[in-house]
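One structure below.
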2 protein chains.
Amino acid sequence: MSVSTAVAAKPSQTTSQMPWMTSAFCDDSLSGDLGPTGSVLHFPPDRAIYEEGDPARSFYKVVSGVVRTCRFLSDGRRQIDSFHVEGDVFGFDIGGEYRLSAEAVSECTVIAYRRRGLDAAAAVDDRLARQFFTHAMTCLARAQEHSLLLGRGTAVQKITTFLMEMAERGACDQVIDLPMSRQDIADYLGLTIETVSRTLSHLERDGVIGLPTARRVVLKDRRVLRGMMA
Amino acid sequence: MSVSTAVAAKPSQTTSQMPWMTSAFCDDSLSGDLGPTGSVLHFPPDRAIYEEGDPARSFYKVVSGVVRTCRFLSDGRRQIDSFHVEGDVFGFDIGGEYRLSAEAVSECTVIAYRRRGLDAAAAVDDRLARQFFTHAMTCLARAQEHSLLLGRGTAVQKITTFLMEMAERGACDQVIDLPMSRQDIADYLGLTIETVSRTLSHLERDGVIGLPTARRVVLKDRRVLRGMMA
DNA sequence: CGTCTCCTTGAATTAGATCAATATGTGTGG
DNA sequence: CCACACATATTGATCTAATTCAAGGAGACG
């Protein structure tokens with residue numbers, strides 16, 4: 001199995017630590033299966049990659065930076081479905097159009113793979129179809145986990161769970177450098193920006209975390225933190 | 001394509017009205033693909049069909065009645081992921097064990113299909129693999145929709161959206177006979193039983209719905225109701 | 001050094017939860 | 001048919017977690 005340098009997964013990130021990075025997408029086999037390597041695109045922070053309702057002509061893999069996928073309520077309020085980091089695939093909708101919007105959280109680079117129809121691609125390669133299936137099931141598992149948190153979690157449970165999620169993705173176990181704003185976190189957890197800020201301050205006062213800067217979180221007591229999750 | 005009488009979809013339910021009943025599972029092709037028709041099982045209300053963590057040896061199709069799939073928080077609180085009605089497939093987890101519990105909401109009959117490993121079955125039949133994929137993507141779309149509601153919806157938005165969902169499933173457009181209790185609705189929407197009851201009463205006082213009995217809802221003004229959704 | 005954006009903190013408000021009581025069935029046995 | 005127990009649902013009275021409203025801080029950047 002060849003791995004191109006451009007889209008290789010970070011070696012430090014193991015599959016076991018990152019359940020959303022399943023075998024299907026840890027290599028660049030899709031680029032081989034779907035034709036030549038897709039086009040490399042670059043986006044500045046907050047730039048839309050695609051919007052809900054757009055014709056779904058491509059799907060994407062994050063090379064660097066972070067992408068958010070989200071939906072909007074009629075009153076303009078936002079629900080972030082998930083954050084996508086290096087190696088993650090997004091925009092993988094069936095049907096003619098995207099059901100969520102995708103936006104760059106930070107400066108980021110992605111590869112766009114044209115999909116003339118995933119059905120057609122999957123039809124000629126059943127191994128590919130199985131990879132798609134595995135990917136979909138993994139996303140589903142995460143979405144169900146998220147629903148439990150949104151429906152029944154308190155602010156503290158939401159924040160601690162979020163921090164532990166982010167810690168699993170990061171290079172270091174202790175220090176998390178958050179790529180997203182408080183507003184992003186709020187919209188991911190179904191909270192307000194003030195509640196996010198207050199809850200983080202509260203956890204810091206309790207000595208469970210440290211906040212050297214707004215975007216940097218130090219997990220001081222993972223055991224206590226885990227006990228607060230759910 | 002043959003359709004057995006035992007598991008045929010209700011003719012009145014169209015695919016467009018029921019996006020979770022996609023082509024993949026509206027017929028009994030799975031039974032043919034996975035061996036003889038699975039065993040027919042019967043469950044009384046509130047009986048567990050399987051529990052979170054059990055080895056996932058089968059998946060199921062609802063023949064009659066309603067099934068709920070749910071998870072529990074450590075404090076015992078419950079989040080219902082979805083309700084499954086006639087024709088719906090559930091228990092379709094990859095990995096060794098179920099990630100959610102399944103319980104009978106009402107008296108219900110299901111067919112259990114043994115799965116020695118869906119991967120293996122899908123490997124020998126790519127059409128089957130594509131059906132699995134489509135099913136997974138449909139579940140995912142619904143889960144994401146539900147997240148938006150749980151994360152950002154008010155009690156009124158949650159209840160009205162729920163009622164419209166149920167109306168789409170039912171035989172009649174105007175009258176809904178709810179198969180589930182107030183507690184089930186509360187756990188599906190991330191509310192308490194009291195808030196569910198109060199919100200329904202409130203909608204009745206406003207003349208938007210009628211409540212001839214606790215379990216029967218009459219949609220009096222679908223236009224207003226739709227405007228309240230989100 | 002000012003301006004801008006993002007973040008934090010405080011005070012007041014409120015939507016929904018919790019606590020507590022009453023009502024509405026619903027089935028059972030007399 | 002009624003009386004009773006038991007489930008489930010409604011309604012009312014409080015309470016509280018989180019939101020909203022309103023100031024300030026803290027960096028970043030020209």
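Below, read A as the first sequence line, B as the second, and so on, with proteins coming before strands; counting in each chain starts at 1.
- Within the 4.0 angstrom heavy-atom criterion, only backbone atoms of the sugar-phosphate kind lie near L191(B); the bases stay farther away.
- By the 6.0 Å contact criterion, CZ on R77(A) is enclosed, its count of non-hydrogen atoms from other residues, nucleotides or ligands being greater than 12.
- At whole-Å resolution of the value, CD in E204(B) and P in dT11(D) are 8 Å apart.
- Classification of dA7(D) as syn follows from a glycosidic angle within 90° of 0.
- Nucleic acid contact for S197(A): base, since at least one base atom lies under 4.0 Å from a heavy atom of the residue.
- In this structure, CG of L200(B) is placed 14 Å from P of dG16(C), rounded to the nearest angstrom.
- Nucleotide dA7(D) has no partner under the Watson-Crick or G-U criteria, as no pair reaches both atom distances under 3.5 Å.
- Under 4.0 Å is where a charged nitrogen must lie from a carboxylate oxygen, and between K220(B) and D206(B) no such pair does.
- The side chain of S181(B) sits closest to dA9(D) out of dA9(D), dT9(C), dT10(D).
- Nearer the 5' end of DNA chain D, as judged by each residue's closest nucleotide, is the contact made by T154(A), out of E194(A) and T154(A).
- Under the Watson-Crick or G-U wobble criterion, with both distances below 3.5 Å, dT24(C) has no partner in any strand shown.
- Nucleotide dA9(D) holds its P atom 9 Å from the CG atom of D184(B), rounded to whole Å.
- Phosphate proximity of dA18(D) to R198(A): absent, as no side-chain N or O sits under 4.0 Å from OP1 or OP2.
- Distance CD1 (I185(A)) to C1' (dA18(D)): 17 Å, rounded to an integer number of Å.
- Separating the CG atom of L178(B) from the P atom of dT8(D) is a distance of 15 Å, rounded to the nearest angstrom.
- Here dT5(C) presents its P atom at 22 Å from CE of M180(A), a figure rounded to the nearest Å.
- Donor-acceptor pairing under 3.5 Å is recorded for the side chains of Y188(A) and E165(A).
- Straight-line distance from the CG atom of L150(B) to the C1' atom of dA18(D): 17 Å, rounded to whole Å.
- For dT18(C), neither phosphate oxygen OP1 nor OP2 lies less than 4.0 angstrom from any side-chain nitrogen or oxygen of T192(B).
- Note on R215(A): only backbone sugar-phosphate atoms sit closer than 4.0 angstrom, heavy atoms only; bases stay farther off.
- At a cut-off of 3.5 Å, with distance as the only test, a side-chain donor of R99(B) or Q144(A) sits close to an acceptor on the other residue.
- Close to dA17(C), at under 4.0 Å from its OP1 or OP2, lies a side-chain N or O of T195(B).
- Atom pair H202(A):NE2 and dA18(D):C1' shows a separation of 14 Å (rounding to whole Å applied).
- Residues H42(A) and T109(A) bring a donor and an acceptor atom of their side chains to less than 3.5 Å of each other.
- Nearest-nucleotide mapping onto DNA chain D: of L211(B) and R77(A), the residue sitting toward the 5' end is L211(B).
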